[in-house]
Amino acid sequence: MLGYIGPSNKRAQHRMPELPEVETTLRGIAPHVERQKVTAVRLYDRRLRWPVPSDLPDRLVGRIVDSVERRSKYLLFRLGQDTLIVHFGMTGSMRVYRRAPALRRHDHIDLEFGNGVVLRYHDPRRFGAMLWASGDAGNHPLLAALGPEPLAQAFDADHLFKATRTRSAAIKLALMDSHLVVGVGNIYANEALFRAGILPTRAAKRISRLRLGRLVDAVRHTLTDAIAKGGSTLRDYVDSEGRPGFFQNGYFVYGRAGEPCRACGRRIRGLRIGGRASYFCPHCQR
DNA sequence: AGTGCGGCCTGTCCGC
DNA sequence: TGCGGACAGGCCGCAC
């Protein structure tokens with residue numbers, strides 16, 4: 001029925017920490033913590049995907065955070081030769097506070113800095129991670145085998161073409177394979193494939209170089225749009241309760257099964273690919 | 001090498 | 001109205 005907002009649609013409004021969300025978090029926190037000395041580390045709940053190292057306070061306190069970077073969906077806090085690796089999993093988030101607020105359920109870790117700022121990690125589902133890497137973090141098992149960044153030059157039609165020639169699996173799965181390209185999660189894979197006019201189920205190796213080039217562009221546009229929308233809320237990042245309003249209800253296909261395509265009006269279809277919710281327009285995508 | 005799937009988690013929503 | 005179960009999904013680890 002027209003106008004019906006189903007459960008999947010409501011879930012779609014819950015924002016997963018995909019690459020744009022991580023990038024926005026990076027931009028929000030970097031100005032507050034870069035070149036600051038860590039004055040305290042409080043571990044409230046070490047249970048994440050892997051246990052948070054209990055010696056993290058010893059390793060961090062007294063050190064200076066030189067910079068914060070993003071690689072894939074990881075945040076990398078650089079302290080001299082060492083790196084604090086942070087991942088948000090499904091529901092993790094980091095917020096900046098001018099001073100430590102009262103603890104809430106699912107608050108895991110505080111990093112406190114010389115300027116008084118408190119960086120708090122919060123993660124209800126505990127799929128996230130906070131790990132320490134001594135020396136070159138690029139050799140860390142989590143980072144060593146990652147493909148190119150989707151917004152970097154190395155991710156182009158040629159790369160995608162070569163990487164998919166032997167792959168008979170659905171293009172959506174290839175797009176979400178971090179060995180091939182990083183940072184394209186389920187939501188943006190659906191959206192980018194719509195923008196490129198490619199069916200998510202199509203065998204990757206059956207897609208021409210030309211169309212893969214369009215997919216590269218679509219991935220870039222989808223991610224940069226989302227980053228731009230997140231960026232507009234950065235002003236309110238500190239001490240703000242709400243999270244940035246990425247995309248809101250603006251998805252083309254994600255979570256919209258049964259609703260009209262924003263381009264042609266036909267009904268968006270939903271199915272599962274590799275166990276993941278997938279959405280497409282049977283008219284606009286081929 | 002590529003493929004497919006189970007497992008980890010909790011909040012939310014649905015159906016009975 | 002209460003309760004059980006399905007679902008959401010990033011990413012590892014494993015089997016084939």
Side-chain angles (χ1 to χ4, degrees), chain A residues 1 4-23 25 44-52 70-75 85-94 104-109 121-131 133 140-147 149-150 160-193 200-207 219 223 226 243 246-247 251 253-258 270-279:
Chain A
M1 76 186 90
Y4 172 72
I5 310 259
S8 61
N9 185 275
K10 287 189 174 169
R11 283 199 198 95
Q13 294 170 26
H14 176 81
R15 288 175 294 278
M16 310 297 166
E18 293 221 38
L19 186 142
E21 286 79 356
V22 178
E23 178 68 24
T25 297
Y44 302 115
D45 185 350
R46 296 174 46 228
R47 297 174 304 160
L48 289 179
R49 176 170 195 148
W50 301 280
V52 177
R70 180 188 59 75
R71 171 72 173 113
S72 185
K73 295 176 187 170
Y74 296 93
L75 283 187
I85 302 174
V86 176
H87 195 282
F88 295 139
M90 285 287 300
T91 53
S93 62
M94 262 188 157
R104 295 178 304 160
R105 207 155 123 77
H106 306 307
D107 284 341
H108 285 254
I109 296 131
Y121 183 89
H122 177 87
D123 191 352
R125 230 168 283 183
R126 301 183 359 222
F127 277 20
M130 191 174 294
L131 298 169
H140 192 280
L142 290 174
L143 306 177
L146 293 178
E149 288 288 325
L160 195 51
F161 184 76
K162 285 175 179 159
T164 52
R165 286 315 86 190
T166 58
R167 303 185 68 135
S168 53
I171 182 63
K172 179 161 178 275
L173 293 175
L175 204 51
M176 293 175 67
D177 180 348
S178 64
H179 302 286
L180 208 160
V181 59
V182 302
V184 186
N186 194 45
I187 294 173
Y188 295 120
N190 280 297
E191 294 297 290
L193 284 162
T201 49
R202 185 163 296 285
K205 67 181 179 185
R206 306 273 260 250
I207 303 173
V219 167
L223 294 176
R243 295 178 61 187
F246 300 96
F247 268 41
Y251 294 127
V253 290
Y254 184 79
R256 298 191 63 240
L271 56 86
R272 304 191 76 78
I273 301 173
R276 298 293 179 241
S278 307
Y279 305 91

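Just so it is clear: chains get the letters A, B, ... in the order the sequence lines come, proteins before strands, and each one is counted from 1.
- For the side-chain contact (heavy atoms from CB on, under 4.5 Å) test, residues two or more places apart in sequence or in another chain that qualify with A:H108 are A:D45, A:L48, A:Y121, A:D123, A:R126.
- Scored by the side-chain contact (heavy atoms from CB on, under 4.5 Å) test, A:T201 finds A:L199, A:L271, A:I273 as partners (sequence neighbours excluded).
- Applying the side chain to side chain donor-acceptor pair (under 3.5 Å) test to pairs two or more places apart or on separate chains, those with a residue in residues 174-185 of chain A are A:R167-A:D177.
- Every residue two or more places apart in sequence or in another chain that forms a side-chain contact (heavy atoms from CB on, under 4.5 Å) with A:R70 is listed here: A:L19, A:V22, A:E23, A:L26, A:L75, A:E149.
- Not one N or O on the side chain of A:S72 forms a donor-acceptor pair closer than 3.5 Å with the backbone of A:V182.
- At least one side-chain heavy atom of A:K172 sits under 4.5 Å from a side-chain heavy atom of A:N186.
- Look at CG on A:L175: it is 13 Å from P on C:dC11, rounded to the nearest Å.
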Exercise for review: List the protein contact pattern of nucleotides 2-8 of chain B with one symbol per nucleotide (5' to 3'): B for base contact, S for sugar-phosphate-only contact, - for none; contact means a heavy-atom distance under 4.0 Å.
Suggested key: SS---BB
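- Remark: A:H87 is not in phosphate contact with C:dG10, judged by side-chain N or O atoms under 4.0 Å from OP1 or OP2.
- Taking atom NE2 on A:H106 and atom P on B:dT10, their separation rounds to 7 Å, with Å as the unit.
- Side-chain N/O atoms of A:R105 include one lying less than 4.0 angstrom from OP1 or OP2 on B:dG11.
- Looking at heavy-atom distances under 4.0 Å, A:R272 makes contact with sugar-phosphate atoms alone, never a base.
- Going from atom CD1 of A:I187 over to atom C1' of C:dA8 covers 10 Å, rounded to whole Å.
- Taking the salt bridge (Lys or Arg N to Asp or Glu O under 4.0 Å) definition, one finds that A:K205 meets it with nothing, sequence neighbours left out.
- A:L180 has its CG atom 16 Å from the C1' atom of C:dC11, to the nearest Å.
- What separates OH of A:Y121 from P of B:dC9 is a distance of 13 Å, to the nearest Å.
- Between the CH2 atom of A:W50 and the P atom of C:dG10 there is a distance of 15 Å, given to the nearest Å.
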Study note, to complete from the structure: Dot-bracket assigned to DNA chain C with the 3.5 Å Watson-Crick/G-U criterion, [ ] for crossing and | for other-strand pairs, is .|||||||||||||||
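- Here the P atom of nucleotide C:dC12 and the CE atom of A:M90 are 15 Å apart, to the nearest Å.
- Rounding to whole angstrom units, CZ of residue A:F88 and P of C:dA8 are separated by 24 Å.
- Evaluation of the ring pair (Phe, Tyr, Trp, His ring centres under 6.0 Å) rule for A:F127 yields no partner, not counting sequence neighbours.
- For A:A133, the side-chain contact (heavy atoms from CB on, under 4.5 Å) criterion is met by A:T83, A:I85, A:A137, A:H140, not counting sequence neighbours.
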